Colleague: 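Here it is, the structure in full.
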Amino acid sequence: MSVLSDRDIRTALESGEIAIRPYDPVDLQPSSVDLHLDRAFRVFRNNRYAYIDVRSPQPDLTELLRVADDEPFILHPGEFVLGQTLEWVELPNDLVARLEGKSSLGRLGLLIHSTAGYVDPGWKGNLTLELSNVANLPIALYFGMKIGQISFFKMSSAVDRPYGSPELGSKYQGQSEPTASAFHRDFSRRS
């Protein structure tokens, strides 16, 4: 596997091999593309369940909130919410991507993912962010701010079963808002 350079990313975007919408060429970095924060957040409602049961659907465990253009979303210390990238991303069957936070935000205590930094070949959708504040002060987040960067890796060959293939049971293909966990579906697939 090799990391795509800015030149290779530009070529892949221009040819349509990789799709990022909206895309501004100013966001192209030496080996990644900067992504921005959308206005939707999924917050946990800890007053609705005694605990999170990974085997059961809990449809109202989270609530979807939206902020206005200049309205801050305040992420408190120790808080965890789901957000999403403003950009819709599509990958071909021979590229895998990695989503990472911006160093400047990490230095303030903002983490953008706990485990979901990997983007499979064949992915299509907005990327859900797992936002955590590990600082001692609240952090104000704003619609449209740079939130992370995505880099691309060329695979040794195209995959046989890209993300979204029916037999994989891909849960999040085509998502366009921060999507709550569908882990409980893994238990029903075993039957």
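Note that this is a predicted model, so its numbers are computed, not measured. Atoms considered below: every heavy atom in the structure, side chains included; atoms not considered: hydrogens, waters and symmetry mates.
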Colleague: Locate the shortest heavy-atom distance separating Ala180 from Thr62; write the atom from each residue and the value.
Modeller: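 Result for this residue pair: CB-OG1, 3.8 Å.
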Colleague: Does Val3 belong to the same Ile/Leu/Val/Met/Phe/Trp/Tyr cluster as Met155, with side-chain heavy atoms less than 4.5 Å apart forming each link?
Modeller: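 Per the 4.5 Å side-chain linkage, Val3 and Met155 are co-clustered.
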Colleague: Does the side-chain contact (heavy atoms from CB on, under 4.5 Å) test come out yes or no for Leu37 and Leu129, once each step is laid out?
Modeller: CA-CA 9 Å; Leu37 185 62; Leu129 305 168; 3.8 Å; yes
Colleague: Would you check, one step at a time, whether the test side-chain contact (heavy atoms from CB on, under 4.5 Å) holds for Lys154 with Leu4?
Modeller: CA-CA 7 Å; Lys154 189 75 166 172; Leu4 269 58; 4.1 Å; yes
Colleague: Once you round to the nearest 0.5 Å, how far does CZ of Arg98 lie from OG of Ser31?
Modeller: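 One gets 13.5 Å once the value is rounded to the nearest 0.5 Å.
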Colleague: Mind checking what makes side-chain contact (heavy atoms from CB on, under 4.5 Å) contact with Thr11, not counting sequence neighbours?
Modeller: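 Listed in chain order: nothing, the list is empty.
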Colleague: Does the side chain of Asp38 come within less than 4.5 Å of Thr85's, by heavy atoms?
Modeller: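 No; the side chains remain at least 4.5 Å from each other.
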Colleague: What's the spacing between Ser5 OG and Arg7 CZ if we round to 0.5 Å?
Modeller: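 With rounding to 0.5 Å, OG (Ser5) is 6.0 Å from CZ (Arg7).
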Colleague: Asn93: what forms a side chain to side chain donor-acceptor pair (under 3.5 Å) with it, not counting sequence neighbours?
Modeller: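 Asn93: no side chain to side chain donor-acceptor pair (under 3.5 Å) contacts found.
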Colleague: Only counting residues at least two apart or in another chain, list the ones meeting side chain to side chain donor-acceptor pair (under 3.5 Å) with Asp24.
Modeller: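 Asp24: no side chain to side chain donor-acceptor pair (under 3.5 Å) contacts found.
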Colleague: What distance do Glu87 atom CD and Ile147 atom CD1 have between them, rounded to the nearest 0.5 Å?
Modeller: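 It is 11.0 Å, given to the nearest 0.5 Å.
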Colleague: Quick one: are Arg66 and Glu177 in side-chain contact, heavy atoms under 4.5 Å?
Modeller: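 When only atoms from C-beta onward are counted, Glu177 and Arg66 do touch, with a gap below 4.5 Å.
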Colleague: I want to check something: taking the side chain as every heavy atom from C-beta on, are Leu95 and Phe153 in contact at a cut-off of under 4.5 Å?
Modeller: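 Not touching, per the 4.5 Å side-chain cut-off.
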Colleague: For residues 91-132, which residue pairs qualify under ring-ring contact (aromatic ring centres under 6.0 Å, His included), counting only residues two or more places apart or in two chains?
Modeller: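 Only Trp123-Tyr163 qualify under ring-ring contact (aromatic ring centres under 6.0 Å, His included).
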Colleague: For Ser151 and Glu100, what are the C-alpha separation, side-chain angles and deciding distance, and is it a side chain to side chain donor-acceptor pair (under 3.5 Å)?
Modeller: CA-CA 8 Å; Ser151 54; Glu100 295 295 344; over 6 Å; no
Colleague: Between the side chain of Ser56 and the main-chain N/O of Asp53, is any donor-acceptor distance below 3.5 Å?
Modeller: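 Between the backbone of Asp53 and the side chain of Ser56 there is no qualifying donor-acceptor contact (under 3.5 Å).
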Colleague: Return the minimal non-hydrogen interatomic distance between Ser170 and Gly164, and the atom names on each side.
Modeller: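 Between these two residues, the closest heavy atoms are OG-N, 2.8 Å.
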Colleague: Answer yes or no: is there a side-chain heavy-atom contact under 4.5 Å between Ile18 and Ile20?
Modeller: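 A side-chain contact under 4.5 Å exists here.
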Colleague: Looking at side-chain heavy atoms only, is the closest gap between Asp6 and Gln29 below 4.5 Å?
Modeller: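 Asp6 does not reach Gln29 side chain to side chain.
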Colleague: What residue pairs, at least two apart or across chains, pass salt bridge (Lys or Arg N to Asp or Glu O under 4.0 Å) with a residue in residues 112-139?
Modeller: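 As it turns out, there is no salt bridge (Lys or Arg N to Asp or Glu O under 4.0 Å) pair with a partner in residues 112-139 once direct neighbours are skipped.
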Colleague: Establish whether Leu108 and Val81 are linked, either directly or via other cluster members, by ILVMFWY side-chain heavy-atom contacts under 4.5 Å.
Modeller: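 Same cluster.
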Colleague: Could you note down all residue pairs passing salt bridge (Lys or Arg N to Asp or Glu O under 4.0 Å) where residues 71-86 supplies at least one of them, sequence neighbours left out?
Modeller: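 As it turns out, there is no salt bridge (Lys or Arg N to Asp or Glu O under 4.0 Å) pair with a partner in residues 71-86 once direct neighbours are skipped.
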Colleague: Report yes if some heavy atom in the side chain of Asn126 is under 4.5 Å from a heavy atom in the side chain of Val89; otherwise report no.
Modeller: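 Result no, sub-4.5 Å side-chain heavy-atom pair not found.
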Colleague: Go through the steps to decide whether Arg10 and Leu28 satisfy the test side-chain contact (heavy atoms from CB on, under 4.5 Å), and finish with yes or no.
Modeller: CA-CA 8 Å; Arg10 186 181 309 108; Leu28 183 60; 3.7 Å; yes
Colleague: Identify all side-chain donor-acceptor contacts of residues 131-142 below 3.5 Å with residues at least two apart in sequence or on another chain.
Modeller:
unit_1	atom_1	unit_2	atom_2	d
Asn133	OD1	Ala135	N	2.7
Asn133	ND2	Leu75	O	2.8
Asn133	ND2	Leu137	O	3.0

Colleague: Mind jotting down which residue pairs meet the salt bridge (Lys or Arg N to Asp or Glu O under 4.0 Å) criterion with at least one end in residues 134-153? Sequence neighbours excluded, please.
Modeller: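 Pairs touching residues 134-153 that pass the test: Asp34-Lys146.
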Colleague: Is there a continuous path of hydrophobic side-chain contacts, each under 4.5 Å between heavy atoms, that joins Ile112 to Met145?
Modeller: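 Yes, Ile112 connects to Met145 through the hydrophobic network.
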Colleague: Can you tell me how far apart OG1 (Thr179) and CG (Leu82) are? Round to the nearest 0.5 Å.
Modeller: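 Between atom OG1 of Thr179 and atom CG of Leu82 there are 8.5 Å.
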Colleague: Are any of the side-chain heavy atoms of Val159 and Pro121 separated by less than 4.5 Å?
Modeller: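 Result yes, sub-4.5 Å side-chain heavy-atom pair found.
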Colleague: Leu127 and Phe143: same hydrophobic cluster, using ILVMFWY side-chain contacts below 4.5 Å?
Modeller: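 Each belongs to a different hydrophobic cluster.
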Colleague: To the closest 0.5 Å, what do you measure between CG (Leu61) and OH (Tyr49)?
Modeller: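 Answer rounded to 0.5 Å: 6.5 Å.
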Colleague: Got a sec, which pairs hit ring-ring contact (aromatic ring centres under 6.0 Å, His included) with one end in residues 75-101, sequence neighbours left out?
Modeller: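 For residues 75-101: Phe44-Phe80.
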Colleague: Tell me if the CG atom of Asp69 is crowded by more than 12 foreign heavy atoms within 6.0 Å.
Modeller: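 Atom CG in Asp69 is packed in, count exceeds 12.
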Colleague: Applying the 4.5 Å side-chain criterion to the ILVMFWY set and letting contacts propagate, would Leu105 and Val67 be lumped into a single cluster?
Modeller: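 Yes; Val67 is reachable from Leu105 via cluster members.
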Colleague: Starting from the C-alpha separation in whole Å, work towards a yes-or-no answer on side-chain contact (heavy atoms from CB on, under 4.5 Å) for Leu91 and Val119.
Modeller: CA-CA 8 Å; Leu91 296 182; Val119 187; 3.6 Å; yes
Colleague: Once side-chain contact (heavy atoms from CB on, under 4.5 Å) is applied, do any residues pair with Ser181, and if so which ones, sequence neighbours excluded?
Modeller: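 For Ser181 the side-chain contact (heavy atoms from CB on, under 4.5 Å) partners, ignoring immediate neighbours, are Tyr172, Phe183.
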Colleague: For the CZ atom of Arg161 and the CG atom of Leu168, what is their distance to the nearest 0.5 Å?
Modeller: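 The CG atom of Leu168 is 4.5 Å from CZ of Arg161, to the nearest 0.5 Å.
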Colleague: Strictly by side chain to side chain donor-acceptor pair (under 3.5 Å), give each pair with a member in residues 14-23 just once, sequence neighbours left out.
Modeller: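 Output for this query lists Arg21-Glu90.
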Colleague: Quick check: closest heavy atoms across Gly101 and Gln149, and the distance to 0.1 Å?
Modeller: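 So the minimum-distance heavy-atom pair works out to O-NE2, 3.8 Å.
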Colleague: Who pairs with Phe152 by ring-ring contact (aromatic ring centres under 6.0 Å, His included), at least two apart in sequence or on another chain?
Modeller: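 Testing Phe152 for ring-ring contact (aromatic ring centres under 6.0 Å, His included), a comparison that skips the adjacent residues, returns none.
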